[in-house]
Amino acid sequence: MTATLSSPASSTPVAGRQQAGWLSLATAVVALLVALPIISVATNVFSTGTSGTWSHLASTVLPEYIGTTLWLCLGVGSLAALVGVGTAWLVTHFDFPLRSSFEWALVLPLAMPAYVMAYAYTDLLQFAGPLQSWLRATMGWTRADYWFPDVRTLGGAVVMFTFVLYPYVFMLARTAFMERGAAVIEAGRSLGLSPRQSFMRVSLPMARPAVAAGVALVLMETLADYGTVSYFAVQTFTTGIYRAWFSLGDRVAAAQLAMCLLGFVVLLLALERQSRGGARFHGSGLRRQPSRGAPLTGLRASVAITLCVLPILIGFLLPAGVLLHLAMTEGDTQFGTRFLTLASNSVVVSGLTALLAVALALLVAYARRLEPSPLTRSAHWAVGLGYALPGSVIAVGVLIPMARMDNALAQWLQASFGWQTGLLFTGTIAALVFACLVRFMTTALQTVDSSLYRVTPHMDDAARSLGLTPARTLRRVHLPLLRRGLLTAGLLVFIDVMKELPATLVMRPFNFDTLATQAYTLASDERLAEASTATIAIVAVGLLPLIVLCRQIASERRQLAPN
């Protein structure tokens, strides 16, 4: 009788331990797959290549790659920090007209990929563009009568990246300023500090970890970009990787350049951690004390509004207006069946990647929750590294081993069964989906982690006391509570994959184009009007998560508003 009554209770922990063990093993496998591109690239560092390509690159263009990449990072990091921190300070510590609208409008440039913005400004500012044409018609000038800056330069690339990516700094700095509250500022002013001194000596040092994290995100996105630097003919490591792969036909040299680029990312992350040091700030009772901000009127209010409008105008409104004008006036001759094919290709790749990313992120996060062992924690950390890897590095690291595996598998099937299967991985979208999965699974993992943290462990204990296994607990308890977080994670990954260009250019199968690759191809051929339809579609889809984010920002402001 006793054995009969205790049987369910005693078998449940055993089953739970077995499932936790399988989850830990599966998590380790996922982490190994994510680490595959790094391992693949690293194994080619000391290879000689096929024709001494690396020696040629090292003696000719490698110094230019290093110098240009350093200048690009320095310029983008400095300007993005200035714009992001400045606008965040204005909307959190001052009260002026349209302030609440600027809080969400300042994140809109995130919907505009940098390469799309580059296409729009090239059309607007080139010699045959509307601006210079208007100047010549109005002033009666000829080409020799005036000088106009060339946007397709290193300086132009710095501006493009700055006004597309500064929202990363803005969002993190705004959150840090809001969390410190008005009491911290008032404490500084009570010690005789002016508003400027209070900002420089109190608020900014306390927000430094958040600002450093935002700048690190900006620079990682800058290093990962290919469309902008290629279109502007700026020689960076990313353009060098593609030149070594496609023009010189040397995959080993491409992998060696990819490893150099990865070294830049590691150095960047180390500098970001070093800049934060051991800084930890706790506001205790001073946290989340809202303020209406110091009122600004007259000229000061006009200056504040102008400073907030300019980033929105440059980073979103103006390029979006140029694209809309091109689409409505000149149009896209390929709009129709061809556009639907491109859109369906983008949706298929993005949808598959999003589904797999959410499922694997849930697996990794849940395994660490059930069994926070060194194995699951290390696997969780390794899976989160993907976002720090540029798409070009991932593409090289995925394509080299997969191409070898494809060829070996095809030869074995031909020899053993007489089947001519072709390339099963690199010849289909499988390799492309895997590359995007490695690149963007971090986004899904962070979102799922955040949702799981809000589910109290007491629910797990209550489920176990009722005899539920971990799998049934996940299905019947956690999934209903995580539904919104999982949908958000899937949406974010979907949008990221839609905009991804470097990995898609390398990994796509033959005769398989997406909206991003079509826009790049047409823009590279100077067919900007035809590229406008694809670019508008990318921007429109990118607005979806920003709408959710803007609603969240507005909700935070309402919750913190004084009664």
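Please read all numbers here as calculations on a predicted model, not as lab measurements. Residue numbers start at 1 and run along the sequence shown. Just the heavy atoms: all of them, side chains too, but no hydrogens, waters or symmetry mates, feed the values below.
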For the pair [X] (side chain) and [Y] (backbone), establish whether a donor and an acceptor sit closer than 3.5 Å, ignoring hydrogens and angles.
X    : Y    : answer
T239 : Q235 : no
T87  : G84  : yes
N345 : T514 : no
Y166 : L106 : yes
T353 : V349 : yes

Self-check item: Pairs satisfying side chain to side chain donor-acceptor pair (under 3.5 Å), at least one member in residues 62-75, at least two apart
Solution: Y65-R243
Quiz item: If you take all heavy atoms of R174 and A88, which pair is closest and at what distance?
Solution: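 So the minimum-distance heavy-atom pair works out to N-CB, 3.6 Å.
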Quiz item: Looking at D225 and A114, what are the two nearest heavy atoms and their distance?
Solution: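 Here D225 and A114 meet closest at OD1-CB, 4.1 Å.
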Can you sort out the partners of [X] under side chain to side chain contact (heavy atoms under 4.5 Å, CB included), two or more places apart, ordered by chain and number?
X    : answer
A31  : A379, A382, V383
L79  : V158, T162
A519 : Y119, A534, T535
L172 : A210, A213, L217

To the nearest 0.5 Å, tell me how far [X] [atom1] sits from [Y] [atom2].
X    : Y    : atom1 : atom2 : result
M160 : M117 : CE    : CE    : 4.5 Å
L72  : T222 : CG    : OG1   : 6.0 Å
L437 : L33  : CG    : CG    : 9.0 Å

Practice problem: Could you please spell out the steps behind the side chain to side chain contact (heavy atoms under 4.5 Å, CB included) verdict for V215 and V169? | Solution: CA-CA 6 Å; V215 172; V169 182; 4.0 Å; yes
Quiz item: What pairs with Y226 under ring-ring contact (aromatic ring centres under 6.0 Å, His included), at least two apart in sequence or on another chain?
Solution: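 By the ring-ring contact (aromatic ring centres under 6.0 Å, His included) rule, Y226 matches Y242, Y520.
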Quiz item: For T376 and V364, what are the C-alpha separation, side-chain angles and deciding distance, and is it a side chain to side chain contact (heavy atoms under 4.5 Å, CB included)?
Solution: CA-CA 8 Å; T376 56; V364 173; over 6 Å; no
Could you tabulate the donor-acceptor pairs under 3.5 Å formed by side-chain atoms of residues 492-505, not counting sequence neighbours?
{"unit_1": "K499", "atom_1": "NZ", "unit_2": "L110", "atom_2": "O", "d": "3.2"}
{"unit_1": "E500", "atom_1": "OE2", "unit_2": "A503", "atom_2": "N", "d": "3.0"}
{"unit_1": "T504", "atom_1": "OG1", "unit_2": "E500", "atom_2": "O", "d": "3.0"}

Quiz item: Step by step, would you call V218 with F161 a side chain to side chain contact (heavy atoms under 4.5 Å, CB included)?
Solution: CA-CA 8 Å; V218 168; F161 287 124; over 6 Å; no
Practice problem: With the side chain counted from C-beta on, respond yes when R508 and D513 share a heavy-atom pair under 4.5 Å apart, and no when they do not. | Solution: yes
